[in-house]
Amino acid sequence: MDCRIVTIPGDGIGPEIVREACKVLDKVAQVYGHSFHYTEVLMGGCSIDAHGVPLTKEALETARQSDAVLLGAVGGNVGNSRWYDAAPDLRPEAGLLAIRKGLNLFANIRPAYLYHELADACPLKKEIIGDGFDLVIMRELTGGLYFGERHTKEVDGVLQATDTLTYNENEIRRIAVKAFDIARKRRNHVISVDKANVLDSSRLWRKVVEQVAEDYPDVKLEHMLVDNCAMQLVMNPGQFDVVLTENMFGDILSDEASMITGSIGMLSSASLNEGKFGMYEPSHGSAPDIAGKDIANPIATILSAAMMLRYSFDLDMEAEAIEVAVQRVLTEGWRTSDIMAEGCKKVGTAKMGDLIAAQIYL
Ligand code: NAD
């Protein structure tokens, strides 16, 4: 397969971790006979330095013409960088919002997977962890409360603020279809999370999700109220496969789900459009405090590259090969400093990439 990948190393540790993800992708290409063609573009602080804006029209267009985007992270040290003297829409993170909007990336997927080897980092008790957990949060990213009309005004001498939560059935349908499609690549189970006992938008959400489910008789659908879901995630995370939810609920639940894995350097993510196109990035930021020291954990970015193979290119076997390689390296006791534990062997960013690439073979 021939794939055109736009890489956006970005700022801070971004270039170091994207380099390792490409190293692993190159090994996949070599072993499985694919060609990955990379085009690098600037976004974030480095683009501000070069062009005065966090994302140029040309960079966005280059991304649009590709098959998928692999992003490191953008942003600098907020309290100590000239990038933050500018207006909000000219700061590094504005590039992220612009590219998500420009590429119509409405579906955000964040997996939360507990590696047996890292179970000590999980804040949950051992009896709750049980055999571990492996779930994804499918969050709607471009609608709902964060994009609704809002205003603050004075009513009878008292300040009053209003935010509105709007979803139409098409917005719900397209994210539900994504969730069911992804469930078919996993364990065929969707739990749709809403607040249908209170909100009209949630009642419409539930109705449309049930309609979509009719086209997926092989996928089990359950509904869960968001407050219950927040509890269930820390009481019995093993019950979840795909959690489908709207923007604000997903924002909160995906952070909760990632925290129960205990390791920020391990968490991948994907944002998809209506088709196969997606942008893949680690869940963490640009970590300026450790940039350029060869100590960042590249695994979240490497696992994001695996998601790219699975969701944008349908290369499921190759994606799994990366995931298995990560697992083997952890089982052998190799660790970057953020996940270091007694009795393990500490390695830097580049060495971790080498070790994972070396574990990809037929
Ligand atoms: P952060 O995720 O960059 O760092 C939080 C802590 O985790 C730091 O101590 C950091 O050293 C550590 N860390 C993060 N990734 C790591 C890795 N791969 N290996 C080892 N340790 C890692 O969050 P922050 O410090 O709040 O933000 C730093 C910058 O990143 C800010 O400018 C912020 O706006 C930006 N940011 C960007 C994105 C993105 O590009 N998608 C997301 C979040 C934050």
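The basis for the numbers below is simple: all heavy atoms, side chains too, and nothing from hydrogens, waters or symmetry mates. Whatever order the structure lists them in is the order used to number ligands and atoms, beginning at 1.
Between D85 and R91 there is no salt bridge, since no side-chain N of the basic residue sits under 4.0 Å from a carboxylate O of the acidic one. With respect to the salt-bridge test (charged N to carboxylate O, under 4.0 angstrom), the residues R100 and E281 qualify.
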Anything under 3.5 Å between an N or O on ligand 1 and a protein N or O? List each pair with its distance, or write none.
unit_1: ligand 1; atom_1: 2 (O); unit_2: G285; atom_2: N; d: 2.7
unit_1: ligand 1; atom_1: 3 (O); unit_2: G285; atom_2: N; d: 3.4
unit_1: ligand 1; atom_1: 3 (O); unit_2: S286; atom_2: N; d: 3.2
unit_1: ligand 1; atom_1: 3 (O); unit_2: A287; atom_2: N; d: 2.8
unit_1: ligand 1; atom_1: 9 (O); unit_2: D289; atom_2: OD2; d: 3.1
unit_1: ligand 1; atom_1: 11 (O); unit_2: D289; atom_2: OD1; d: 3.0
unit_1: ligand 1; atom_1: 11 (O); unit_2: D289; atom_2: OD2; d: 3.0
unit_1: ligand 1; atom_1: 15 (N); unit_2: H284; atom_2: ND1; d: 3.3
unit_1: ligand 1; atom_1: 18 (N); unit_2: H284; atom_2: NE2; d: 3.1
unit_1: ligand 1; atom_1: 18 (N); unit_2: N297; atom_2: O; d: 2.9
unit_1: ligand 1; atom_1: 19 (N); unit_2: N297; atom_2: N; d: 2.9
unit_1: ligand 1; atom_1: 30 (O); unit_2: S286; atom_2: N; d: 3.0
unit_1: ligand 1; atom_1: 30 (O); unit_2: S286; atom_2: OG; d: 3.2
unit_1: ligand 1; atom_1: 32 (O); unit_2: G76; atom_2: N; d: 3.2
unit_1: ligand 1; atom_1: 32 (O); unit_2: G76; atom_2: O; d: 2.7
unit_1: ligand 1; atom_1: 32 (O); unit_2: Y84; atom_2: OH; d: 3.1
unit_1: ligand 1; atom_1: 32 (O); unit_2: E93; atom_2: OE2; d: 3.0
unit_1: ligand 1; atom_1: 34 (O); unit_2: E93; atom_2: OE2; d: 2.4
unit_1: ligand 1; atom_1: 40 (O); unit_2: V74; atom_2: N; d: 2.9
unit_1: ligand 1; atom_1: 41 (N); unit_2: E281; atom_2: OE1; d: 3.1

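Applying the ring-ring contact (aromatic ring centres under 6.0 Å, His included) rule to pairs touching residues 237-288 yields nothing, sequence neighbours excluded. For residues 84-118, the pairs satisfying ring-ring contact (aromatic ring centres under 6.0 Å, His included) are Y113-Y115, with sequence neighbours left out.
Under the 30°/60° scheme for interplanar angles, the aromatic rings of Y167 and W205 are found to stand perpendicular.
Residues passing the side-chain hydrogen bond (donor to acceptor under 3.5 Å, both in side chains) test with H189, sequence neighbours excluded: E222.
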